[in-house]
Structures are given as C-alpha cells and as structure tokens.
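Report on the following structure.
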Amino acid sequence: MAKLVTVRLVLALAASKTCQLFQLDINNAFLHGYLDEDIYMLPPEGYDKAVAPQVCKYGLKQASRQWNVEFTSTLLEYGFNQSYHDNCLFTFTTMIYFLVLVVYVDDILTTCTSEEEMVAVKQLLHKKFNIKNMGVAKYFLGIEIARSNDGMYLSQQKYVKDIIQDLKMDQAKAVATPLAHDWNVEDNNSPLLEDPSQYRRLVGRLLYLNFTRQDLTFSVHHLSQFMQHPTYCHWNVALDVVMYLKGTTNHGLYYPANTNMEITIFCDADWAKCTLIRRSITGYCIMIGGALIS
Ligand SMILES: *[C@@H]1O[C@H](CO)[C@@H](O)[C@H](O)[C@H]1NC(C)=O
Ligand SMILES: *[C@@H]1O[C@H](CO)[C@@H](O)[C@H](O)[C@H]1NC(C)=O
C-alpha cells in the first residue's frame, strides 16, 4: 500500500504542473491475476458432492498479491521505474515529459505532462488488465478533489459533516481551536465511559481525517492514546474537536499551480512538555512548492 505522503506528492505534482489527474478503478482487476499456486479450501459441512476442482480467484488474498506482481512487471516491462522509497510509486521520465502512477490498495492515481503518453499508458492498462474506468479524479479515498486554474483544493467535507450529524451536533456551537488552551485529558477523577466503543469509533473516524486535516494531528493523536480506557473527560475533549470541526468543515489542503516545487520544512519542539510521559513534543511540516505534503 502506498504511503499517504506519496499520494499527496502525486497530487501536488499534478497541481503544480496543471496536469489532468486520472483515477483508475481496478475493483475487478483481481480477476485478471494469474494464480501460480493451487488454492485448497475445505468444503462447507454437509457438502459432499464431488465436483471438478474449481477455483474462485475473486477476493482471495493471493489473487491481489498475484495481481500486484503482474501489474508491476507490466509497468517495468513498459519502461517505468519503480521507486525504492515506496514501491507503489512508478515514474516514467523523458526529456519531454514525465508520468507518475501510484497504486493505493485497489485504486490507481496517475498524471502525465503529455496527453498522448497518458493515452498510450491507459491503452496499455486497458489491453492488459481490462481497466476501463479511467476518469478524471474527483473523489479519491474519500477525499474531494476540486480544481481551478489556480490550483487544487482537497477536502473531506462530506466525511466531516457525517461525523457531526451522527453525533447530532448540528446545533452545537463552533469553537476556534481543537483543544482549549487549558485542555487537560489527565483528570484522574473522571469516571470511565460505560461504553468505550463510541469513543473508539469517534477517534477512529477523526483519525481518518489525517489526509487533509493536519490541524487535528496533535489533538487526535493525543486522544488515540486513550483508546483502551477512555473516561468522560476524554470523551468531552473529543467532542471539543468535533465542535472545532463544526466551524471549519470546509477546511482542507490547497495545492497551488505553477510552483517551483521548492521544498520548505518547518519544525518546532517543546522540551519535556508532555505532562503524561515527560517527553518533548515535536512537530514538523514539509511543503513542496507551497503544498503541504507531510
Ligand atoms: C529510470 O531511472 C534511471 C536512473 O535514475 C534514469 O536514468 C532513467 O531515465 C529512468 N527511466 C525512465 C523511463 O524514467
Ligand atoms: C489516514 O487516512 C487514510 C484515508 O485517507 C486511511 O486509509 C488511514 O487508515 C488513515 N490513517 C489512520 C492512522 O487512521
């Protein structure tokens, strides 16, 4: 599985070079994998009819692995380079154009500075894997991708709205920060939640906002340390984060067009600040041409 930072990098690249971004759906691509080993399964109880051996490839772990092997070798044969740092990233660079392709579970995202070359690669994939559905990417991994001449805007608005609605917090007032300045999640007197599953579910959903909501990284990371034994105090802090989301539903990442792709890194550290473990807290962000990617 590709790293999220790789996916962000591909998006930033497409934004900067103002290239079309395509999404290939390989949902039933696993059917095209070749199995080079026999798969045996136990017949269900009461099933005693002897039948000719049949193999169902769809949904098998082996099928997806096999598909990946085949997909990779097809691209390498075509001349793609596979990244050492993330082997789900493939690049094709010439003096005139470059093409990048990233595989994330069963989705592929690809972009190219040459339209003709993009068509050629699409045709290759169509011929070899019957990948038909190759539209412009608008909704990838639950991320909404909006484009204009100035750049690309990534958000998870719909996902945020669902969280607020499911908690029936539509009427709640919005707060300005995810954690109040005097936040304290270490109230030892706070009773344990009777039903910790609701806390785990909420924090799980907040974690899923990691793609576009770097502003939540610290608070959600902190909350996720209490998944085992959450208290009412933790739950209230988590609800504060949702109230913050209420006022910032449409926040996301903006990736500008026509940048120089310069790398800028900011970091900060707060010595021994964490009252829980007495360790330092560090934070960093990496931008490429003004696009936050990590
Ligand atoms: C593959 O990588 C090598 C070494 O970096 C480079 O010389 C070559 O041009 C690359 N080929 C393609 C098609 O990107
Ligand atoms: C981050 O978000 C992606 C989808 O955008 C998800 O697949 C992944 O599990 C999330 N990471 C965590 C730690 O929840």
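All residue numbers refer to positions in the sequence shown, counting from 1. Just so you know, ligand 1 is whichever comes first in the structure, and atom 1 is the first atom listed for that ligand. All values derive from a computational prediction rather than experimental measurement.
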Practice prompt. Considering the heavy atoms of T93, write down every atom of ligand 1 situated less than 4.0 Å from one of them.
Written response: 12 (C), 13 (C), 14 (O)

Practice prompt. Please work out which of the three classes, parallel, tilted or perpendicular, describes the rings of F71 and W67, given edges at 30° and 60°.
Written response: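 The rings of W67 and F71 lie parallel, inter-plane angle below 30°.
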
For [atom], state whether the nearest protein heavy atom is under 4.0 Å away.
{"atom": "atom 14 (O) of ligand 1", "value": "yes"}
{"atom": "atom 1 (C) of ligand 1", "value": "yes"}
{"atom": "atom 11 (N) of ligand 1", "value": "yes"}

Item to complete: Tell me whether the guanidinium CZ or amine NZ of R147 lies under 6.0 angstrom from the six-membered ring centre of Y153 and within 45° of its axis.
Response: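 No, R147 does not sit over the ring of Y153.
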
Discussion item. Can you list everything that forms a side chain to side chain donor-acceptor pair (under 3.5 Å) with T249? Sequence neighbours excluded, please.
Written reply: none

Worksheet item: How would you list, by chain and number, every residue that makes a side chain to side chain contact (heavy atoms under 4.5 Å, CB included) with D150, sequence neighbours excluded?
Response: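 Checked D150 against side chain to side chain contact (heavy atoms under 4.5 Å, CB included); matches are S148, Y254.
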
Worksheet entry | Minimum-distance protein heavy atom relative to atom 4 (C) of ligand 1 |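 The answer is N81 ND2, 4.5 Å.
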
Practice prompt. In plain terms, say whether D166 and R205 are close enough for a salt bridge, that is, a side-chain N and a carboxylate O under 4.0 Å apart.
Written response: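 A salt bridge links D166 with R205.
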
